[in-house]
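Notes to accompany the following structure.
Here is how names work: the chains are called A, B, and so on, in the same order as the sequence lines, proteins then strands, and each is numbered from 1. Being a predicted model, the structure only gives us computed values, none of them experimental.
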Number of protein chains: 2
Amino acid sequence: MGRGKIVIRRIDNSTSRQVTFSKRRNGLLKKAKELSILCDAEVGLVVFSSTGRLYEFSSTNMKAVIDRYTNAKEEPGAANSTSEIKVWQRKIYLLPMTP
Amino acid sequence: MGRGKIVIRRIDNSTSRQVTFSKRRNGLLKKAKELSILCDAEVGLVVFSSTGRLYEFSSTNMKAVIDRYTNAKEEPGAANSTSEIKVWQRKIYLLPMTP
DNA sequence: GGGACTATATATAAGAA
DNA sequence: TTTCTTATATATAGTCC
């Protein structure tokens with residue numbers, strides 16, 4: 001989708017990687033929004049740049065999406081996956097609560 | 001991107017909405033993957049169709065992404081946002097633990 | 001880090017199977 | 001609901017500010 005064809009593999013040049021990230025990130029966020037509107041879907045998108053910056057989009061609010069996701073993952077009933085999810089939810093809860 | 005131009009608003013026809021969802025969902029998941037590879041970014045994408053089916057993509061694993069997301073939201077330190085996150089995380093934790 | 005500017009590569013709307 | 005085809009709308013690679 002541009003002057004030249006590219007292969008999907010990590011872009012070595014740090015500067016180009018940043019530029020491409022900026023462009024594609026915007027495109028991805030836009031598409032996520034369009035999908036949610038056009039198809040009445042609930043979407044949650046989280047992106048961390050290689051430098052650690054956070055970008056996000058959620059059709060409703062991320063809390064609701066994560067909440068629903070967690071529940072959906074629990075339902076399949078596999079005792080295995082269920083406990084795994086509960087373990088890490090609990091783990092998050094037990095993180096330091098200091099302001 | 002197609003035979004005709006469209007406006008971004010909910011597609012009324014249920015059948016077309018489903019077809020469009022199927023196509024765009026695939027495109028979105030593909031783009032999410034490309035972004036993560038090309039730019040070495042951590043990506044988490046969750047999509048619920050209007051019929052409730054779940055589709056997802058995560059460059060590492062959703063648990064790690066949500067975990068990192070939660071932490072990133074806590075750090076900004078705004079006492080306000082911090083407590084809000086803790087509130088709903090706690091809420092999730094308090095959900096019924098019955099298998 | 002964003003804009004702006006093309007030329008191209010891609011995604012995808014329509015339609016049919 | 002996925003698959004295939006084809007015409008078009010879009011996204012975006014490369015480059016300069």
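- Between B/Leu29 atom CG and C/dA11 atom P the separation is 13 Å, expressed in whole Å.
- In this structure, B/Thr20 reaches the sugar-phosphate backbone alone: every heavy-atom distance under 4.0 Å involves primed, P, OP1 or OP2 atoms, never a base.
- A/Thr15 pairs by the side-chain hydrogen bond (donor to acceptor under 3.5 Å, both in side chains) definition with nothing, not counting sequence neighbours.
- For the pair B/Gly27 and A/Asn26, nearest-nucleotide mapping onto DNA chain C gives the more 5' position to A/Asn26.
- For A/Ile6 and D/dG14, the CD1 to C1' distance is 11 Å, given to the nearest whole Å.
- Looking at the side chain of A/Tyr55, the nearest of the listed nucleotides C/dG2, D/dA9, C/dA13 is C/dG2.
- Spacing between atom CD1 of A/Ile11 and atom C1' of D/dG14 amounts to 12 Å, rounded to whole angstrom units.
- Note on A/Arg53: every side-chain N or O is 4.0 Å or more away from OP1 and OP2 of C/dG1.
- Atoms CZ (A/Arg17) and C1' (D/dA13) sit 16 Å apart, rounded to a whole Å.
- Contact check, B/Lys31 against C/dT10: no side-chain N or O comes under 4.0 Å of OP1 or OP2.
- In this structure, B/Arg24 places its CZ atom 12 Å from C1' of D/dA11, rounding to the nearest Å.
- In this structure, B/Arg17 contributes its side chain and A/Leu38 its backbone to no donor-acceptor pair below 3.5 Å.
- Within the structure, every side-chain polar atom (N or O) of A/Lys23 is placed at least 4.0 Å from both OP1 and OP2 of C/dG1.
- With rounding to the nearest 0.5 angstrom, the CZ atom of B/Arg25 is 8.0 Å from the OG atom of B/Ser49.
- No side-chain heavy atom of B/Ile8 sits less than 4.5 Å from a side-chain heavy atom of A/Lys33.
- Interface remark: the B/Arg3 side chain does form a donor-acceptor pair with the D/dT6 base, using a distance-only criterion of under 3.5 Å.
- A donor-acceptor pair under 3.5 Å links the side-chain atoms of A/Thr70 to the main chain of A/Ile66, judged by distance alone.
- Residue order along DNA chain C, read from the 5' end via each residue's closest nucleotide, puts A/Gly2 first among A/Gly2 and B/Val19.
- Rounded to whole Å, the distance from CE on A/Met1 to P on D/dA9 is 15 Å.
- Picking from D/dT2, D/dA11, C/dG2 the nucleotide with the shortest atom distance to the side chain of A/Arg25 gives C/dG2.
- Following rounding to the nearest Å, A/Phe21 (CZ) and C/dG2 (C1') show an atom-to-atom distance of 14 Å.
- The phosphate of C/dT8 has neither OP1 nor OP2 within less than 4.0 Å of any side-chain N or O from A/Lys5.
- Of the candidates C/dA9, C/dG2, D/dC4, the closest approach to any side-chain atom of A/Ser22 belongs to C/dG2.
- Between A/Gln18 atom CD and D/dA13 atom C1' there is a gap of 16 Å when expressed in whole angstrom units.
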